[in-house]
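To start, the structure under review is shown below, and the notes come after it.
No experiment lies behind these values; they were computed from the predicted model shown.
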Amino acid sequence: MSYSTGRHFLQIPGPTNVPDRVLRAIAAPTIDHRGPRLPTLVLELFDRLRPVFGTEGPVVIFPASGTGAWEAALVNTLSPGDTVLAFETGQFATLWQEMAQRLGLVVDFVPGDWRHGADPVAAHEKLAADADHAIKAVCVVHNETSTGVTSRVPEIRAAMDAAEHPALLLVDTISSLASIDYRHDEWGVDVTVAGSQKGLMLPPGLSFNAVGDKALAASEHATLARSYWDWRPILRANRNGSFPYTPATNLLYGLREALIMLEEEGLPAVFARHARHAAATRAAVRGWGLEVLCADEREYSGSLTAVLLPDDYDADKVRQVILDRYDMSLGAGLGRLAGKVFRIGHLGHFNDLMLAGTLVGVQLGLRSAGVPIDPRGLAQAWEVLGA
């Protein structure tokens with residue numbers, strides 16, 4: 001890549017751009033994690049975190065990536081040989097079920113085409129047929145980062161209730177929390193999984209479990225091996241604003257600033273902003289004559305848009321042209337979508353002009369890579385933004 005001036009456009013669906021306010025907060029001097037200042041910070045964080053998850057219950061913070069929070073959700077609630085119902089909605093749903101299998105769980109993995117979310121009808125059929133209640137948990141990725149498809153979690157919960165099934169509901173919100181409307185308590189979720197590096201506007205390094213009462217009860221009897229991920233010592237320490245391990249103190253300072261920023265904008269406004277930017281992006285994609293990967297308009301993602309290229313074109317080569325010529329990073333196609341799609345991230349600390357620059361860069365890159373498009377696609381996006 002030739003020498004670049006100006007600011008790099010990081011338009012992958014996470015890690016996202018970190019606001020200057022958050023960077024300055026992280027740059028604070030490191031404090032004694034056993035000293036008197038930490039409890040005040042930690043207890044404040046929990047008060048600010050709960051509304052973002054839509055819960056009044058506990059939220060566990062781990063120094064880890066979202067993958068750690070996946071494991072914590074499983075090992076705290078399940079036992080070897082338990083059956084888990086999961087849905088093949090994309091690469092990250094696939095990785096989560098592979099983890100479950102490695103931990104000694106039996107996974108009933110409902111096949112999918114990676115263009116649709118978790119199927120509430122299939123969930124009801126599977127659970128209604130499970131008369132012996134062998135299925136102990138249902139795992140759903142709320143927003144599949146590899147595809148730009150958002151599963152309809154309230155409908156999955158309704159399907160579980162209609163089947164009168166006692167399974168736990170575990171939901172991954174790694175690329176949806178603080179970007180797409182989400183309600184842990186209201187939707188009857190038992191464990192919510194999240195990470196710091198997307199809608200929460202932080203670098204990677206923190207992961208979260210929001211834990212409901214039913215999951216807490218299950219954790220008392222679960223027998224999968226757990227040590228680092230065990231909720232029990234963490235929740236005991238958290239009552240006094242401490243941790244049983246060394247926390248990522250500087251990231252906690254950044255988290256506090258990010259949560260203050262979300263409060264200042266207001267979560268409804270945050271969700272509306274993401275939805276509008278997503279609609280403008282889809283308008284541009286269709287205006288170019290290309291196809292949005294998500295096939296159901298009820299499941300469009302507010303966090304990212306996956307763009308499907310014609311068969312004769314390599315999406316990775318397009319991404320490379322855009323990086324080399326215009327200094328912008330786009331998300332790669334993952335798993336079975338490798339080389340077929342590129343992903344435009346439009347989440348986190350983001351505004352209209354940043355989206356406009358992103359879409360201009362994508363259009364320039366598509367034309368430079370020889371992909372036939374209608375250049376009026378940008379005008380379609382401007383119509384949405386202007387409205």
Side-chain angles (χ1 to χ4, degrees), residues 14-16 18 22 26 41-77 92 96 99 139-143 145 153 168-185 187 189-213 215-216 219 226 228-235 237-239 241-263 267 270 303 347-348:
T16 59
V18 179
V22 174
I26 293 171
L41 170 63
V42 170
L43 294 174
E44 177 188 350
L45 282 176
F46 291 137
D47 287 340
R48 294 185 187 276
L49 265 176
R50 290 187 188 99
V52 176
F53 283 89
T55 186
E56 295 182 357
V59 178
V60 177
I61 305 174
F62 295 103
S65 69
T67 304
W70 275 352
E71 183 164 339
L74 296 171
V75 300
N76 280 285
T77 58
F92 292 98
W96 199 10
M99 172 188 282
C139 293
V140 177
V141 176
H142 182 217
N143 188 75
T145 318
V153 173
L168 297 167
L169 177 56
L170 314 183
V171 179
D172 168 347
T173 66
I174 290 170
S175 65
S176 60
L177 190 77
S179 302
I180 301 170
D181 189 17
Y182 183 78
R183 311 176 189 189
H184 175 97
D185 288 354
W187 293 353
V189 179
D190 296 297
V191 185
T192 296
V193 171
S196 59
Q197 73 275 19
K198 299 181 189 283
L200 289 176
M201 304 180 290
L202 289 162
L206 296 179
S207 65
F208 308 86
N209 281 169
V211 185
D213 290 342
L216 282 174
S219 72
R226 49 184 155 150
Y228 182 81
W229 306 114
D230 194 344
W231 290 337
R232 292 168 295 187
I234 301 171
L235 291 173
N238 284 171
R239 294 189 191 107
S242 62
F243 291 93
Y245 47 72
T246 303
T249 50
N250 284 58
L251 284 178
L252 296 181
Y253 276 127
L255 176 59
R256 179 174 63 181
E257 192 65 28
L259 294 171
I260 291 171
M261 291 177 68
L262 291 171
E263 291 169 10
L267 284 176
V270 171
S303 298
L347 72 162

Residues that T67 engages under side-chain contact (heavy atoms from CB on, under 4.5 Å), provided they are two or more places apart: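 So T67 forms a side-chain contact (heavy atoms from CB on, under 4.5 Å) with S65, W70, M99.
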
Using a 4.5 Å cut-off on heavy atoms from C-beta on, say whether the side chain of [Y] contacts that of [X].
{"X": "K198", "Y": "L177", "answer": "no"}
{"X": "I61", "Y": "P247", "answer": "no"}
{"X": "F208", "Y": "S196", "answer": "yes"}
{"X": "L45", "Y": "V59", "answer": "no"}
{"X": "R226", "Y": "R232", "answer": "yes"}
{"X": "I234", "Y": "F62", "answer": "yes"}
{"X": "I26", "Y": "P203", "answer": "yes"}
{"X": "L206", "Y": "L252", "answer": "yes"}

From CA spacing to verdict: side chain to side chain donor-acceptor pair (under 3.5 Å), N209, W231: CA-CA 9 Å; N209 281 169; W231 290 337; 3.0 Å; yes

Parallel, tilted or perpendicular: rings of Y182 and H142 (30°, 60°):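 The arrangement is tilted - the two ring planes meet at 30° to 60°.
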
Those residues that, when tested against E44, pass salt bridge (Lys or Arg N to Asp or Glu O under 4.0 Å) (two or more places apart): R48, R256

Whether T173 side chain and V193 backbone form a donor-acceptor pair below 3.5 Å: yes

N/O donor-acceptor pair under 3.5 Å between D185 side chain and E56 backbone: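 Present.
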
Distance, nearest 0.5 Å, that separates CG of L259 from CG of L200: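 Taking CG in L259 and CG in L200, the distance rounds to 6.5 Å.
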
